[in-house]
Amino acid sequence: MSETGYLLLVFLVMTIATFLTRLIPFVAFRDRGDHPLLTYLGRYMPPAIMTLLVLYSLKSLDLTQAPYGMNELLALLLTTLLHLWRGNALLSIFAGTLFYMAALQSGWFV
């Protein structure tokens, strides 16, 4: 199998696995949507997961060398401010990621 074919096969398998892992909870709990445990998890799991992702992405941040974490901290600040202002997770995550990638690629804070 060629390298491109192998990569396409890996991409297909990852897509199917991701789709199934997202679909199974909706199918398994479709009749129990008002269960208190599901309501609790639905309310508190997304912020907990986002907090863990932010902490994980910042764990190897080096504040002692240039650019002193400016790219990451400014992107995090932009994401936080946009989310507090607009309350739209998609907008704030997209804008923060776009800012971070632009700052990193262009070397604004090197």
Side-chain angles (χ1 to χ4, degrees):
M1 179 179 291
S2 69
E3 186 173 325
T4 303
Y6 178 75
L7 290 175
L8 288 174
L9 183 62
V10 168
F11 182 72
L12 178 66
V13 169
M14 289 173 53
T15 301
I16 291 171
T18 301
F19 179 75
L20 286 177
T21 56
R22 302 251 183 339
L23 180 67
I24 287 172
F26 288 104
V27 172
F29 298 113
R30 70 174 175 248
D31 296 332
R32 299 181 183 139
D34 57 347
H35 192 276
L37 178 61
L38 293 177
T39 303
Y40 177 80
L41 290 175
R43 171 179 275 171
Y44 294 109
M45 284 300 285
I49 290 172
M50 290 302 293
T51 302
L52 287 174
L53 287 173
V54 168
L55 292 176
Y56 182 76
S57 66
L58 296 176
K59 74 175 176 69
S60 60
L61 188 62
D62 187 8
L63 299 175
T64 61
Q65 295 182 359
Y68 307 104
M70 289 299 289
N71 297 327
E72 292 84 358
L73 295 177
L74 288 176
L76 181 62
L77 179 66
L78 175 67
T79 303
T80 303
L81 290 176
L82 271 176
H83 191 70
L84 291 175
W85 177 45
R86 302 299 296 177
N88 186 335
L90 186 62
L91 172 68
S92 56
I93 292 171
F94 181 75
T97 303
L98 185 65
F99 173 82
Y100 176 72
M101 293 307 295
L104 196 65
Q105 294 297 321
S106 64
W108 290 342
F109 305 105
V110 173

- Same apolar cluster: Met45 and Leu23, side chain cutoff 4.5 Å: no
Scan the side chains in residues 61-68 for donor-acceptor partners under 3.5 Å anywhere in the protein, sequence neighbours excluded, and list what turns up.
residue : atom : partner : partner atom : Å
Asp62   : OD1  : Thr64   : N            : 3.1
Asp62   : OD1  : Thr64   : OG1          : 2.6

- Which atoms form the tightest heavy-atom contact between Phe99 and Leu78, and what is the distance? CB-CD2, 3.6 Å
- Message: As an exercise, state the distance from CZ of Phe29 to CG of Leu41, rounded to the nearest 0.5 Å.
- Response: 9.0 Å
- Would Ile93 and Met50 count as a side chain to side chain contact (heavy atoms under 4.5 Å, CB included) if you check the C-alpha gap in whole Å, the side-chain angles of each, and the deciding distance to 0.1 Å? CA-CA 11 Å; Ile93 292 171; Met50 290 302 293; 3.7 Å; yes
- Message: On a heavy-atom basis, which atom in Gly96 and which in Ala75 lie closest, and how many Å separate them?
- Response: O-CB, 3.6 Å
- Query: Can you name the closest pair of heavy atoms from Val54 and Ser57 and give their distance?
  - Reply: O-OG, 2.8 Å
- Taking Thr97 for the side chain and Phe94 for the main chain, is one N or O donor matched with an acceptor at less than 3.5 Å? no
- Note on the structure: Leu82 and Ser92 have their tightest heavy-atom pair at CB-CB, 3.9 Å
- Message: Evaluate Tyr6 against Glu3 for side chain to side chain contact (heavy atoms under 4.5 Å, CB included), listing each step before the verdict.
- Response: CA-CA 5 Å; Tyr6 178 75; Glu3 186 173 325; 5.6 Å; no
Which pairs of donor and acceptor atoms, one on a side chain in residues 7-19, lie under 3.5 Å apart (sequence neighbours left out)?
residue : atom : partner : partner atom : Å
Thr15   : OG1  : Phe11   : O            : 2.7
Thr18   : OG1  : Met14   : O            : 2.8

- Message: Suppose we screen for side-chain contact (heavy atoms from CB on, under 4.5 Å). Which residues come up paired with Leu81, at least two apart in sequence or across chains?
- Response: Leu77
- Item | Reported CD1-to-OH distance for the pair Ile49 and Tyr44, which is rounded to 0.5 angstrom | 15.0 Å
- Under the side chain to side chain contact (heavy atoms under 4.5 Å, CB included) criterion, do Leu76 and Leu58 qualify, and how do the steps go? CA-CA 10 Å; Leu76 181 62; Leu58 296 176; 3.8 Å; yes
- Item | Minimum heavy-atom distance between Tyr100 and Glu72, given as atom pair plus value | OH-OE2, 3.3 Å
